[in-house]
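A short worksheet on the structure shown next.
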Amino acid sequence: MNEVSPNAPATRRDELRHNVAAVQERIDAACRAAGRDPADVTLIVVTKTYPASDVALLAELGVTDVGENRHPEAGEKAADVQAPLRWHFVGGLQTNKAGAVTRYADVVQSVDRAKLARSLSRGAEAAGREVGCLVQVDFDGDRAGRAGIAPDGVDELADLVADLPGLRLDGVMTVAPLGLDPAPVFEHLGRISAGLVVRHPGAGVVSAGMSEDFEAAIAAGATHLRIGRAVLGERPRVG
Ligand SMILES: *Cc1c(COP(=O)(O)O)cnc(C)c1O
């Protein structure tokens, strides 16, 4: 045993262990309130802007899934961390970077247009990998430049993803619009998912909920939570 004085600063490992446990407790409580089994909810820790050393510590602490939103940062970390983790790409993705992302991402959660789906398919085929895809849905049609496809476009894009070689349609994802009550948004996503699984029974993933709103996502049926700050701390401001 190490002798640690009570006043010694907590190590990063202690801090992450504490935060993961606290988040898991909140997940468990929200599941109890919703009558759901916590085993049906996967925590994805979004490690963007944090170093690969944090990702390695999270893996040691039992985290199985991590999320990143930028290439090449995501690929560099995936190459650095040896632990077996599922890597989720959750950020906006330019078509010309799609091929590179398919070399390390297990799931791309931000599929929001046919052109991107086709590029991912070509990349996955070239890499000899199967890449899971979530159709990212946007519920805030008024704001220009937002990532995601409008609800009425989901079926067509999902059908395309399901047909493309190298891709596996896993389900849907959303980021709740800033400043709106997230609950109705997550419920709407749940209804879209219910419709989707009728035609694509394997596509039951519902990725919703971040540090501020994941309890509402659990109440609405989310299967995957993407949580950054509540585990890693406030991100340094990046330009
Ligand atoms: C950063 C990010 C998250 C995590 O957000 P937090 O507020 O840090 O929990 C989730 N989803 C996406 C798409 C993100 O970019």
Side-chain angles (χ1 to χ4, degrees), residues 12 15-16 18-27 30 41-52 54-55 57-58 61 63-75 77-78 85-94 97-98 101 104-113 116 120 131-140 143 145-149 154 170-183 185-186 189 193 205-220 222-239:
R12 183 63 168 158
E15 191 178 346
L16 293 178
H18 173 271
N19 291 351
V20 168
V23 165
Q24 192 59 54
E25 270 175 34
R26 282 173 61 187
I27 293 172
V41 177
T42 301
L43 166 64
I44 302 168
V45 179
V46 179
T47 48
K48 64 188 182 199
T49 76
Y50 283 95
D54 278 355
V55 182
L57 285 172
L58 289 166
L61 294 169
V63 168
T64 56
D65 292 72
V66 292
E68 285 284 334
N69 75 334
R70 273 199 184 171
H71 181 79
E73 177 190 345
K77 281 187 221 172
L85 285 163
R86 259 186 308 277
W87 290 83
H88 298 256
F89 194 89
V90 303
L93 186 50
Q94 288 167 267
K97 294 180 180 166
V101 169
Y104 57 83
D106 298 295
V107 180
V108 175
Q109 298 209 353
S110 45
V111 180
D112 63 358
R113 57 202 192 278
L116 175 59
L120 288 167
V131 176
C133 292
L134 304 184
V135 173
Q136 181 173 356
V137 190
D138 173 34
F139 294 97
D140 189 12
R143 252 182 64 197
R146 258 184 74 94
I149 189 167
V154 171
D170 283 348
V172 289
M173 176 272 222
T174 200
V175 177
L178 263 180
L180 288 190
D181 178 3
V185 169
F186 294 151
L189 186 69
S193 170
V205 169
V206 180
S207 173
M210 317 195 337
S211 292
E212 305 290 337
D213 58 17
F214 70 80
E215 278 97 348
I218 289 172
T223 64
H224 288 63
L225 314 174
R226 307 178 311 271
I227 299 180
R229 291 169 299 142
V231 170
L232 292 146
E234 289 300 323
R235 282 179 292 276
R237 229 178 260 268
V238 280

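Read the numbers this way: they start at 1 and go in the same order the structure lists the ligands and their atoms.
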(request) Using the test side-chain contact (heavy atoms from CB on, under 4.5 Å), find all partners of A222 that sit at least two apart in sequence or belong to another chain. (result) A208, A217, L225
(message) I'd like to know whether R226 forms a side-chain contact (heavy atoms from CB on, under 4.5 Å) with H88, so could you lay out the CA-CA distance, the side-chain angles of the two residues, the decisive distance to 0.1 Å, and finally the verdict.
(response) CA-CA 9 Å; R226 307 178 311 271; H88 298 256; over 6 Å; no
(request) Using a strict 4.0 Å cut-off to heavy atoms of V90, name the atoms of ligand 1 that fall inside it. (result) 12 (C), 13 (C)
(request) May I ask you to list the atoms of ligand 1 that are less than 4.0 angstrom from any heavy atom of R229? (result) 6 (P), 7 (O), 8 (O), 9 (O)
(message) Which of the numbered atoms in ligand 1 are under 4.0 angstrom from any heavy atom belonging to I227?
(response) 9 (O)
(request) Report the distance from atom NZ of K77 to atom OH of Y104, rounding to the nearest 0.5 Å. (result) 10.5 Å
(message) Quick check for you: to the nearest 0.5 Å, what is the distance between D138 atom CG and T174 atom OG1?
(response) 6.5 Å
(message) Give me the nearest non-hydrogen protein atom to atom 10 (C) of ligand 1 as residue plus atom name, then the distance to 0.1 Å.
(response) M210 SD, 3.3 Å
(request) Taking all non-hydrogen atoms of both residues into account, name the closest pair between L58 and V20 and its distance. (result) CD2-CG2, 3.8 Å
(request) Return the option from A208, S211, S207 holding the heavy atom at the smallest distance from atom 6 (P) of ligand 1. (result) S211
(message) Looking at S110 and V90, would you say the former's side chain and the latter's main chain have a donor-acceptor pair under 3.5 Å?
(response) no
(request) Show which atoms of ligand 1 fall inside a sub-4.0 Å distance from at least one heavy-atom site of R226. (result) 4 (C), 9 (O), 10 (C), 11 (N), 12 (C), 13 (C)
(request) Just go through E68, R235, K48 and tell me whose heavy atom is the nearest to atom 2 (C) of ligand 1. (result) K48
